[in-house]
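Structure, as structure tokens:
The chain is numbered in sequence order, starting from 1. Please read all numbers here as calculations on a predicted model, not as lab measurements.
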Amino acid sequence: MRIAFFINTPAHVHLYKNVIKSLELSGHQAIILARNYGDTVNLLDEIGFEYFVYANVPDSKYGKILSLPFNVLTAYNFLRKEKPDLLVGMGVYSAYTSQLLRKKCIIFNDSEPTPFQFMLFKPFVDVVLTPSSFTIDLGPKHIKFNSFKEIAYLHKNYFVPDVKIYDFLGIGQDEDYVLLRFNAFDAVHDFGINGFSIDQKRLLVNELSKHARVFISSEIKLPDDFNKYLLKIPKSRIHDILYYAKLVVADTQTITTESAVLGTPVVRFNSFVGKKDMGNFIELENKYHLIFSFSEPEKAIANAVELIQEPDLKNKWKEKRDQLLADKIDATKFLASFIGNYPKSQNKIRDGKKYSKREGSAIILQGDLL
């Protein structure tokens with residue numbers, strides 16, 4: 001089967017890289033369409049994947065909205081020649097392109113959409129896969145499975161941390177360090193969302209520097225006084241950084257879950273936090289106690305300063321992480337099996353008894369696939 005993957009962000013590269021390799025080993029052919037956003041293309045180059053750039057990303061949110069139909073048309077014109085059997089993605093680009101091609105489309109989503117967002121692509125997809133922690137019922141096309149997307153690339157089956165990261169950082173292996181990760185909030189779904197202010201970022205640096213080395217990864221340019229804290233390593237090594245950090249403080253989303261899956265404590269602040277927070281963060285905090293989420297920056301900073309002073313912190317978190325991985329399934333194996341055997345996989349799940357219950361009209365899988 002020829003399968004087209006829409007890879008729009010660096011996180012999508014990580015999600016699908018092992019899935020694509022597994023499918024290719026099984027005899028399938030992967031066609032990769034990349035959006036030139038952040039380090040997406042650089043990561044694909046490092047892995048050695050061939051790809052077609054179907055979209056560049058305008059600086060403004062309105063520009064992204066206006067460019068969407070042109071990006072879809074570019075993807076359509078490319079895939080019309082490639083003749084895929086199936087499209088796989090995480091949003092509207094793959095959904096709309098599949099409609100033009102009249103091909104089946106599988107969407108993975110771990111961010112609960114607003115009803116309006118989901119209405120934009122619901123009619124054009126055939127399956128919506130989400131983690132079981134997903135809090136919204138997306139209807140009869142919705143299949144939940146017991147994992148997180150970050151487990152697809154940070155499970156012990158795939159990720160082996162490299163202690164040489166300390167050499168890149170220029171510190172000894174016995175020295176504690178903290179990673180601060182700051183978001184740009186420039187995505188369309190980030191309208192009205194904010195994180196730490198510049199003054200709050202300075203306070204974080206000043207307070208945490210009293211107890212550990214501080215490093216910063218930022219999607220936006222910071223004032224010059226932050227320069228000495230900025231990470232100067234290949235972006236592909238970020239997961240080694242997360243693994244060995246004593247603490248991560250972030251106002252972004254994916255790195256929060258990545259850190260938790262790696263067994264590193266996380267303090268998270270942004271205005272997503274609250275009653276309508278994403279299900280994976282609710283589960284990671286309330287069930288596994290791996291993260292701390294705050295809607296007030298002052299409380300987040302105070303919690304971070306308290307945590308960094310706690311002895312034996314990492315060993316406590318490793319135990320929590322081991323419990324998380326024991327409870328969850330290997331997301332790569334699930335996705336590769338579901339995609340590679342589609343539509344038989346979907347039919348078998350719907351018609352069989354491979355789920356423990358229904359949640360509304362959505363199917364919740366029990367255990368591993370098929």
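Aromatic pair Phe269/Phe196: centroids less than 6.0 angstrom apart. The aromatic ring centroids of Tyr158 and Tyr153 lie 6.0 Å or more from each other. Here the two rings, on Phe338 and Phe145, have centers that are 6.0 Å apart or farther.
A donor and an acceptor atom, one from each side chain of Arg268 and Ser293, are located under 3.5 Å apart. For the residue pair Thr257 and Asn280, a side-chain donor N or O sits within less than 3.5 Å of a side-chain acceptor on the partner. At a cut-off of 3.5 Å, with distance as the only test, no side-chain donor of Thr130 or Asn109 sits close to an acceptor on the other residue.
Checking side-chain atoms of Asn18 against main-chain N and O of Ala152 turns up a donor-acceptor pair under 3.5 Å. Put simply, the side chain of Ser98 gets close to the backbone of Ala95: a donor and an acceptor are under 3.5 Å apart. The backbone N or O of Ile151 lies less than 3.5 Å from no partner atom in the side chain of His155, so there is not a single donor-acceptor pair. Side-chain atoms of Asn270 come within 3.5 Å of backbone N or O of Asp251 as a donor-acceptor pair.
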| Hey, mind stepping through Leu15 and Leu335 against side-chain contact (heavy atoms from CB on, under 4.5 Å) and telling me if it holds? | CA-CA 10 Å; Leu15 168 64; Leu335 291 170; 3.9 Å; yes

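With sequence neighbours left out, Tyr16 forms a ring-ring contact (aromatic ring centres under 6.0 Å, His included) with Phe5. Every residue meeting the side-chain contact (heavy atoms from CB on, under 4.5 Å) condition with Tyr177, not counting sequence neighbours, appears here in chain and number order: Tyr166, Leu169, Ile171, Arg213, Phe215, Ile241, Tyr244, Ala245.
Exactly one of Lys314, Lys246, Arg321 qualifies for a side-chain hydrogen bond (donor to acceptor under 3.5 Å, both in side chains) with Thr264. That residue is Lys314. With respect to Tyr93, the ring pair (Phe, Tyr, Trp, His ring centres under 6.0 Å) criterion is satisfied by exactly one of Tyr76, Tyr54, Phe6: Tyr54.
Rounding to the nearest 0.5 Å places OG1 of Thr332 at 8.5 Å from CG of Asn157. For the atom pair CD (Gln99) and SG (Cys105), the distance works out to 10.0 Å, reported to the nearest 0.5 Å.
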Just distance, no hydrogens or angles: give the donor-acceptor pairs under 3.5 Å from side chains in residues 43-52, sequence neighbours left out.
from  : atom 1 : to     : atom 2 : distance (Å)
Asp45 : OD1    : Tyr51  : OH     : 2.8
Asp45 : OD2    : Tyr51  : OH     : 3.3
Glu46 : OE1    : Ser236 : OG     : 2.7

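Other residues, nucleotides and ligands contribute at most 12 non-hydrogen atoms within 6.0 Å of the CD atom of Glu306.
A cation-pi arrangement is present between Lys320 and Trp317, with the terminal nitrogen or guanidinium carbon under 6.0 Å from the aromatic centre and inside a 45° cone about the axis.
Here Lys21 does not pair with Glu24 in a salt bridge; the nearest charged N to carboxylate O distance is not below 4.0 Å. One finds a salt bridge joining Lys156 and Asp322 here, because a Lys/Arg side-chain nitrogen approaches an Asp/Glu carboxylate oxygen to under 4.0 Å.
Residues Asp162 and Arg237 are in side-chain contact: their nearest non-hydrogen atoms beyond the backbone lie under 4.5 Å apart.
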